[in-house]
Number of protein chains: 4
Amino acid sequence: MAVSSKSEARRDQIQRAAEKVFARSGFQESTISDIAKEAGLSDATIYEYFASKEELLFSIPGELTLEEKEFLEFHLAHVRGAGNKLRSLIYHYLWFWQSHPDYASVAMLILKQNRKFVDTEAYRIIQETYRMIPDIIRDGIASGEFDPSIRIGVATSMVLGAIEHMVVHRLLHGKPDDLLDYVDYLTDTVLRGIQKQDSAKDVTVHVTVNADGSHSVK
Amino acid sequence: MAVSSKSEARRDQIQRAAEKVFARSGFQESTISDIAKEAGLSDATIYEYFASKEELLFSIPGELTLEEKEFLEFHLAHVRGAGNKLRSLIYHYLWFWQSHPDYASVAMLILKQNRKFVDTEAYRIIQETYRMIPDIIRDGIASGEFDPSIRIGVATSMVLGAIEHMVVHRLLHGKPDDLLDYVDYLTDTVLRGIQKQDSAKDVTVHVTVNADGSHSVK
Amino acid sequence: MAVSSKSEARRDQIQRAAEKVFARSGFQESTISDIAKEAGLSDATIYEYFASKEELLFSIPGELTLEEKEFLEFHLAHVRGAGNKLRSLIYHYLWFWQSHPDYASVAMLILKQNRKFVDTEAYRIIQETYRMIPDIIRDGIASGEFDPSIRIGVATSMVLGAIEHMVVHRLLHGKPDDLLDYVDYLTDTVLRGIQKQDSAKDVTVHVTVNADGSHSVK
Amino acid sequence: MAVSSKSEARRDQIQRAAEKVFARSGFQESTISDIAKEAGLSDATIYEYFASKEELLFSIPGELTLEEKEFLEFHLAHVRGAGNKLRSLIYHYLWFWQSHPDYASVAMLILKQNRKFVDTEAYRIIQETYRMIPDIIRDGIASGEFDPSIRIGVATSMVLGAIEHMVVHRLLHGKPDDLLDYVDYLTDTVLRGIQKQDSAKDVTVHVTVNADGSHSVK
DNA sequence: CATGAATGAGTGTTCATTCAT
DNA sequence: TATGAATGAACACTCATTCAT
């Protein structure tokens, strides 16, 4: 995480400036000049480090993406139970996007809709990270924690969709103030939707069998 | 719904062309020239009907949005039960986006991230339409069908997020082929997450009483 | 030669302006802005007629080249004798380049050294026109007018080289004032180099006989 | 001729690299970066030895030009007869350009058309060297070897034009393979054009003057 | 002596938009 | 109503050149 060289520091400085500017104005509306000004450098210097405005945009996820993936994998490895993993994951994502709002803007509002971005290494890593969700769900089904009748893809869309929807809503409307307040509500609701019903509550049925074979239930 | 005048037909023709072109290339990458060509008109003619490229973009949702809203409201008015309303709504949205892919591209990939679009009449109508979801959920809670402990906003994000996630995924990756296959899976999972647990299901317990008075439950 | 349409006139106007500016400053040193100013148009208008600065440059020879070729072919068809044809041709080229100094600059100092220009239709036509020289020489040899021992390529280089050298010298140093003064000197010298020695000349001898019977020859 | 210092060697190394790069890509299309890479140095180092890209270009003819001049002068001093001198000179030039193709490209395709180059010391030396041609011709006329009616400038253009035309043709089209094959053909043709005709053949005219003043020629 | 790093100055090109006809 | 023609306003990108180390 420590920046190795002078040159790396410059790259990073430019990426941070670009992130800020792109988040504020969008990609097309941001100019290299804006970014250079934000970074306290000249336009030409930007091009010493990035071949084009688009390359600069695509470089922003950079190592952050990989670090995130590893951090999340490391963490979840220590959590027992699919439900708990899901809660951790939801917590982590909401926390992550909330604490990196500029990056969130770039990722959610700019990169996600860019058709060229999908050919990127960063995109691949993001997709891999997202794949943890169906993996957890699959594990939960295998362990009997989740209901086998649910569709993994649907459940994944529900989790990811809800997270992204909340993040985008906050970016665009500034509400809610703190996404983390909703981790448990979201997790609980999701879990109730996908958990095995009988694992969730004990139903005690009292059956009284009479001498004549008739019975009553209470 | 019938197009009133010659002029209205022209407007519509241009909007359809723009929808197609924007869907194919994005907003910034589409030129007025492209749209004019697609419409079989000259560039200047576009400006006889729309003041700017952006106004043209923002006009695309146009009446469709209002029609949709009314159609959906009309339909749901005849559906009994919050759960059933939700199923109808999910069905309707998935069907709608799937059958209007160009419009879906414009709405999901272009308009949704545009900060100026939020000041638009069309945006207001869309938001109003979306508000049917929390309304249904609120009604479901009031009627005892849904669990009062759930958070309406969270549940709304879940429903809307899942729908949009599935639509966008299909737009960008072409899968799944038919979103409608997933209406029931999605609805069921969502409903299980928000329904009152004990009101929700019929439990059938088969008790077999043996001759010796012992019994087994299945 | 008559300009057909409004649009053709504009193209031509731009080409004339470009010719002038390129001749004055060279290709790289000329800006589209310079050309637009010279033409009394805006920069953008240039691009309505030519896709790029380079395309504009390459378009300059345009029809002029073809007209020249046809004009020269037409003329030479009426000239009898290879030597006379060569004289006409030399006259024509010196006259042509001298009366189109801007075009001469563009052709001799810019286009001739451009490696992309050789892939051009205009280049092909120019080459074809130049091919008249070896053709005439070949004919002259066949008819017995020229010496069969000369090398056609060498003689062609001599003729063309001399013409171009004189034209370029005049362009760069402003001398001589009138290239046409040298048509006969050049032609005569060239012809003496390639004609069959004994077939070649009429000798006029002026003999003055004095009263005393003595005479002088001049 | 031996390189005096370390610094001189560096200069030379850079000039050779520049020559190569300029020959390959032309002046404007070559970058200092290209040259530095070719020389195995950094961009900045180029500027330790040359004040600007243009100065570097103009420096290329450098001593070579002077050496050539002296070499040619020394050689021709030992050749007897204007015709023989001309043959030697033609041989020398064709050989020189052919054996220095990169320099030929730079000189013929870049420097020759550069209006600033004419203010250069190197240009002066080249012109002085070229002046050997009219000098030889003048000597030939004075000695009675060449025809006094020829125009020195025209003959010079013919010689120089032919040489340069052949060299450029070879540079641009790769033909002919060996220019030296044409030394004699070119020289012979040129010489026949400028040599005294009567030195080539004697014409005897018998004029009989009659008593009445009439005459007959035989 | 060599260079990594930075930049000023410049320019070709695009395109939404206007307007006379 | 429709459009051909024109352009103002931008902007990404290049590269020769400088200078502290």
Side-chain angles (χ1 to χ4, degrees), chain A residues 5-7 9-11 14 27-36 39-56, chain B residues 5-7 9-10 14 27-36 39-57, chain C residues 5-7 9-11 14 27-36 39-56, chain D residues 5-7 9-10 14 27-36 39-57:
Chain A
S5 73
K6 189 81 177 302
S7 171
R10 245 320 105 90
R11 265 185 78 87
I14 293 169
F27 180 68
Q28 295 288 352
E29 292 69 31
S30 302
T31 68
I32 289 289
S33 240
D34 294 339
I35 296 168
L41 296 168
S42 74
D43 290 27
T45 301
I46 306 291
Y47 285 92
E48 291 292 317
Y49 293 86
F50 299 93
S52 71
K53 188 182 165 190
E54 197 175 50
E55 193 200 287
L56 172 52
Chain B
S5 72
K6 190 80 176 301
S7 170
R10 250 310 112 93
I14 294 169
F27 180 68
Q28 294 288 353
E29 291 68 31
S30 302
T31 69
I32 288 289
S33 231
D34 294 339
I35 296 168
L41 297 168
S42 75
D43 289 27
T45 302
I46 307 288
Y47 285 89
E48 292 293 318
Y49 294 85
F50 299 93
S52 72
K53 187 183 167 191
E54 199 174 50
E55 193 201 286
L56 171 52
L57 171 67
Chain C
S5 73
K6 190 79 178 301
S7 172
R10 248 314 109 88
R11 265 184 78 86
I14 294 170
F27 180 69
Q28 294 288 351
E29 291 69 28
S30 303
T31 69
I32 287 290
S33 240
D34 295 339
I35 296 168
L41 297 167
S42 74
D43 290 26
T45 301
I46 306 290
Y47 284 91
E48 291 292 318
Y49 293 86
F50 299 93
S52 71
K53 188 183 166 189
E54 197 175 50
E55 193 200 287
L56 172 52
Chain D
S5 71
K6 190 78 178 301
S7 171
R10 249 311 111 92
I14 293 170
F27 180 68
Q28 295 287 352
E29 292 68 29
S30 302
T31 69
I32 288 289
S33 234
D34 294 338
I35 296 168
L41 297 168
S42 75
D43 290 25
T45 302
I46 307 288
Y47 285 89
E48 293 291 319
Y49 293 86
F50 298 93
S52 72
K53 188 183 166 189
E54 199 174 49
E55 193 200 288
L56 171 52
L57 170 67

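Reckoned from all heavy atoms, side chains included, excluding hydrogens, waters and symmetry mates. Here is the naming used below: chain letters follow the sequence lines, and residue numbers restart at 1 for every chain.
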Inset, instruction - Tell me whether the OP1 or OP2 atom of E/dC15 has a side-chain N or O from B/Thr31 closer than 4.0 Å. - result: no
Inset, instruction - With DNA chain E as reference, determine whether B/Ser30 or A/Gly40 sits nearer its 5' end, using the nearest nucleotide of each. - result: A/Gly40
Legend entry - Separation of D/Ser42 OG from D/Ile32 CD1 (nearest 0.5 Å): 11.0 Å
Inset, instruction - Tell me whether the OP1 or OP2 atom of F/dA2 has a side-chain N or O from B/Ser42 closer than 4.0 Å. - result: no
Legend entry - Pairing residues for A/Phe50 by the side chain to side chain contact (heavy atoms under 4.5 Å, CB included) criterion, not counting sequence neighbours: A/Arg11, A/Ile14, A/Gln15, A/Glu55, A/Leu56, A/Ser59
Inset, instruction - In whole angstrom, give the distance that lies between atom CD1 of D/Ile32 and atom P of E/dG4. - result: 16 Å
Legend entry - Position toward the 5' end of DNA chain F (nearest nucleotide), D/Ser33 or A/Glu54: A/Glu54
Inset, instruction - Starting at the 5' end of DNA chain E, write a dot or bracket for each base, bracketing those in Watson-Crick or G-U wobble pairs whose two distances are under 3.5 Å and using | for partners on another strand. - result: .||||||||||||||||||||
Inset, instruction - Calculate the interatomic distance between B/Asp34 atom CG and E/dC15 atom P; express it in whole Å. - result: 8 Å
Inset, instruction - Check every strand shown and say whether C/Ser52 touches a base, only sugar-phosphate, or nothing at a heavy-atom separation below 4.0 Å. - result: sugar-phosphate
Legend entry - Contacts of A/Tyr47 that satisfy ring pair (Phe, Tyr, Trp, His ring centres under 6.0 Å) - sequence neighbours left out: none
Inset, instruction - Return the value, rounded to whole Å, for the distance between atom CZ of A/Phe50 and atom C1' of F/dT14. - result: 18 Å
Using a cutoff of under 3.5 Å, can you pull out all pairs of nitrogen or oxygen atoms linking the protein to nucleotides 18-21 of chain F, with atom names and distances?
none

Inset, instruction - Would you please name every residue forming a side chain to side chain contact (heavy atoms under 4.5 Å, CB included) with C/Glu48, sequence neighbours left out? - result: none
Legend entry - Results of side chain to side chain contact (heavy atoms under 4.5 Å, CB included) for D/Arg10 - residues two or more places apart only: D/Gln13, D/Leu41, D/Tyr49
Inset, instruction - Find the distance A/Glu55:CD to F/dT14:C1' and express it as a whole number of Å. - result: 16 Å
Inset, instruction - Send over the distance from A/Ile46 CD1 to F/dC15 C1', rounded to a whole Å. - result: 17 Å
Inset, instruction - Can you tell me the distance, in whole Å, between the CG atom of D/Leu56 and the C1' atom of F/dC15? - result: 15 Å
Inset, instruction - First locate atom NZ of C/Lys53, then atom CD1 of C/Ile46, and finally report the distance between them rounded to the nearest 0.5 Å. - result: 12.0 Å
Inset, instruction - For D/Glu29 and F/dT14, give me the distance from atom CD to atom P, rounded to whole Å. - result: 15 Å
Inset, instruction - Please tell me which of the listed nucleotides, F/dA16, E/dA2, E/dA5, lies nearest to the side chain of A/Tyr49? - result: E/dA5
Inset, instruction - Calculate the interatomic distance between A/Phe27 atom CZ and F/dA10 atom P; express it in whole Å. - result: 19 Å
